[in-house]
Amino acid sequence: MKNITEAPFMVEMIRTTTNMYAHGWDERNGGNISLLLEEAESCEYLAGAEPLRSLPTGFTAPELDGKVFLVTGTGKYFKNVQYAPEVNLGIVRLEEGGAVARLLWGFADGGQFTSEFPAHMMSHAARLKANPQNRVVMHCHPSNLLAMTYVHDLDERAFTRTLWQMCTECIVVFPDGVGVLPWMPCGTNEIGAATARKMETVRLVVWPQHGIYGVGRDLDEAFGLIETAEKGAEIYMKIAHLPLLNTLSDEHLHQLEKRFNLKVREGYLS
Ligand code: 13P
Ligand code: ZN
């Protein structure tokens, strides 16, 4: 069997967690990622692997039964993933309708998947229905998006429109807008289900005073989505207290809609 630490998906996961830490999005153990592995790639590196342990998930997700995920560990620091991937990451296969995760590799110090596993798995199930190409769910704590949730109206339309107005690329990258949850305790099935419900129609979900979830076909796409929203929030936090002389008007945003043939969220532009 091939060496799993050299698998392209592992290399990319290590690069991404390292990069996210460098961006300041993942202080201490902040943030978590799950990556749905393709059947062929998981077979190539894990064929015949006997489960090391069984971990109860506390929820069911029948749509994900048999699916294999590379996922970050709870309490683990993104900055350390590159030095000890087999401790900070794990590969699990969901079984028994999602109620049990069989550990196939990793969490070598006896650890387990992120405490946000419900939000990740429920979001995967929701996104796979919307787009079967979706393989990544990413959560982190970018400072400007977080700061924005203290000073901006949390209405989804208002929040989305402000981000769209902050740089020309925002509406191009997330024409579907952002979802915003009310504040809720994290690490629960309830916040997981609420996040997944939003994920049926958007690819970015803000957790006020906490962080953000982004999804995508691959790690780059999920990262780029969050990166663009965070850039919008950074501009907002730089200008919100200053007199506004210019902005992107709805007329400008309609021009972008036309230019890039965007499917802009209905009712968000006037
Ligand atoms: P974990 O260490 O369990 O992944 O939790 C980090 C986090 O960001 C919680 O929302
Ligand atoms: Zn978090």
Side-chain angles (χ1 to χ4, degrees), residues 10 13-14 16-36 53 55-59 61 69-92 94 101 103 105-124 136-150 154 178-199 202-216 219 222-223 225-227 229-230 233:
M10 191 69 71
M13 182 66 123
I14 292 168
T16 303
T17 46
T18 304
N19 191 20
M20 289 172 74
Y21 177 71
H23 273 66
W25 298 353
D26 298 279
E27 76 291 343
R28 198 175 183 273
N29 65 310
N32 22 75
I33 306 179
S34 59
L35 165 64
L36 170 58
R53 283 184 274 143
L55 305 162
T57 63
F59 58 85
F69 294 89
L70 173 61
V71 59
T72 53
T74 185
K76 301 302 187 211
Y77 295 22
F78 274 24
K79 79 181 179 63
N80 294 339
V81 173
Q82 60 180 321
Y83 306 114
E86 71 288 354
V87 170
N88 295 291
L89 303 174
I91 296 180
V92 296
L94 288 189
L103 180 65
W105 174 89
F107 301 145
D109 63 350
Q112 69 162 33
F113 45 70
T114 171
S115 60
E116 305 295 359
F117 205 55
H120 280 255
M121 294 302 113
M122 293 177 194
S123 294
H124 274 288
V136 174
V137 175
M138 181 180 281
H139 165 63
C140 56
H141 305 160
S143 304
N144 293 289
L145 276 163
L146 241 138
M148 193 169 157
T149 67
Y150 286 85
L154 294 179
V178 300
V180 184
L181 288 187
W183 184 89
M184 298 168 78
C186 53
T188 63
N189 286 355
E190 287 69 31
I191 201 168
T195 306
R197 251 190 321 276
K198 296 284 182 201
M199 286 291 185
V202 292
R203 293 167 299 139
L204 284 166
V205 177
V206 174
W207 285 8
Q209 295 86 49
H210 183 141
I212 190 161
Y213 271 75
V215 299
L219 289 161
F223 181 96
L225 201 50
I226 292 175
E227 190 178 27
E230 169 63 0

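We count ligands from 1, going down the list as the structure has it; atoms in each ligand are counted the same way. We number each residue from 1, following the sequence as shown. A quick note: this is a predicted structure, and the numbers were derived from the prediction, not measured.
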Problem - Residue and atom, protein N/O/S, under 2.8 Å of the Zn ion (ligand 2) - result: H139 NE2, H141 NE2, H210 NE2
Handout entry: Neighbour count above 12 (heavy atom, 6.0 Å) for F223 CZ
Key = yes
Handout entry: Parallel, tilted or perpendicular: rings of H139 and H141 (30°, 60°)
Key = perpendicular
Can you produce the list of protein nitrogen or oxygen atoms under 3.5 Å from a nitrogen or oxygen of ligand 1, alongside each distance?
from: ligand 1; atom 1: 2 (O); to: N29; atom 2: O; distance (Å): 3.4
from: ligand 1; atom 1: 2 (O); to: N29; atom 2: ND2; distance (Å): 2.8
from: ligand 1; atom 1: 2 (O); to: G75; atom 2: N; distance (Å): 2.7
from: ligand 1; atom 1: 3 (O); to: T74; atom 2: OG1; distance (Å): 2.7
from: ligand 1; atom 1: 3 (O); to: S115; atom 2: N; distance (Å): 2.9
from: ligand 1; atom 1: 3 (O); to: S115; atom 2: OG; distance (Å): 2.6
from: ligand 1; atom 1: 4 (O); to: N32; atom 2: ND2; distance (Å): 2.9
from: ligand 1; atom 1: 4 (O); to: T114; atom 2: OG1; distance (Å): 2.7
from: ligand 1; atom 1: 8 (O); to: G31; atom 2: N; distance (Å): 2.9
from: ligand 1; atom 1: 8 (O); to: H139; atom 2: NE2; distance (Å): 3.4
from: ligand 1; atom 1: 8 (O); to: H141; atom 2: NE2; distance (Å): 3.1
from: ligand 1; atom 1: 10 (O); to: E116; atom 2: OE2; distance (Å): 2.6
from: ligand 1; atom 1: 10 (O); to: H139; atom 2: NE2; distance (Å): 3.3
from: ligand 1; atom 1: 10 (O); to: H210; atom 2: NE2; distance (Å): 3.0

Practice task
Output yes when D26 and K76 qualify as a salt bridge under the 4.0 Å nitrogen-oxygen rule, no when they do not.
Solution key: no
Exercise for the section: Verify whether one side chain among E230 and N144 offers a donor that lies under 3.5 Å from an acceptor in the other. Expected result: yes
Problem - Sequence neighbours excluded - salt bridge (Lys or Arg N to Asp or Glu O under 4.0 Å) pairs with any residue from residues 187-199 - result: E156-K198
Exercise for the section: Identify, with sequence neighbours excluded, every residue that meets side chain to side chain donor-acceptor pair (under 3.5 Å) alongside W25. Expected result: none
Fill in the blank from the handout: So OG1 of T72 and CD1 of I33: to nearest 0.5 Å the spacing works out to 6.0 Å
Practice task
Assess the pair Y213 and H120: is the distance between their ring centroids shorter than 6.0 Å?
Solution key: yes
Completion exercise
Shortest non-hydrogen pair, L145 vs A229, comes out as CD2-O, 4.0 Å
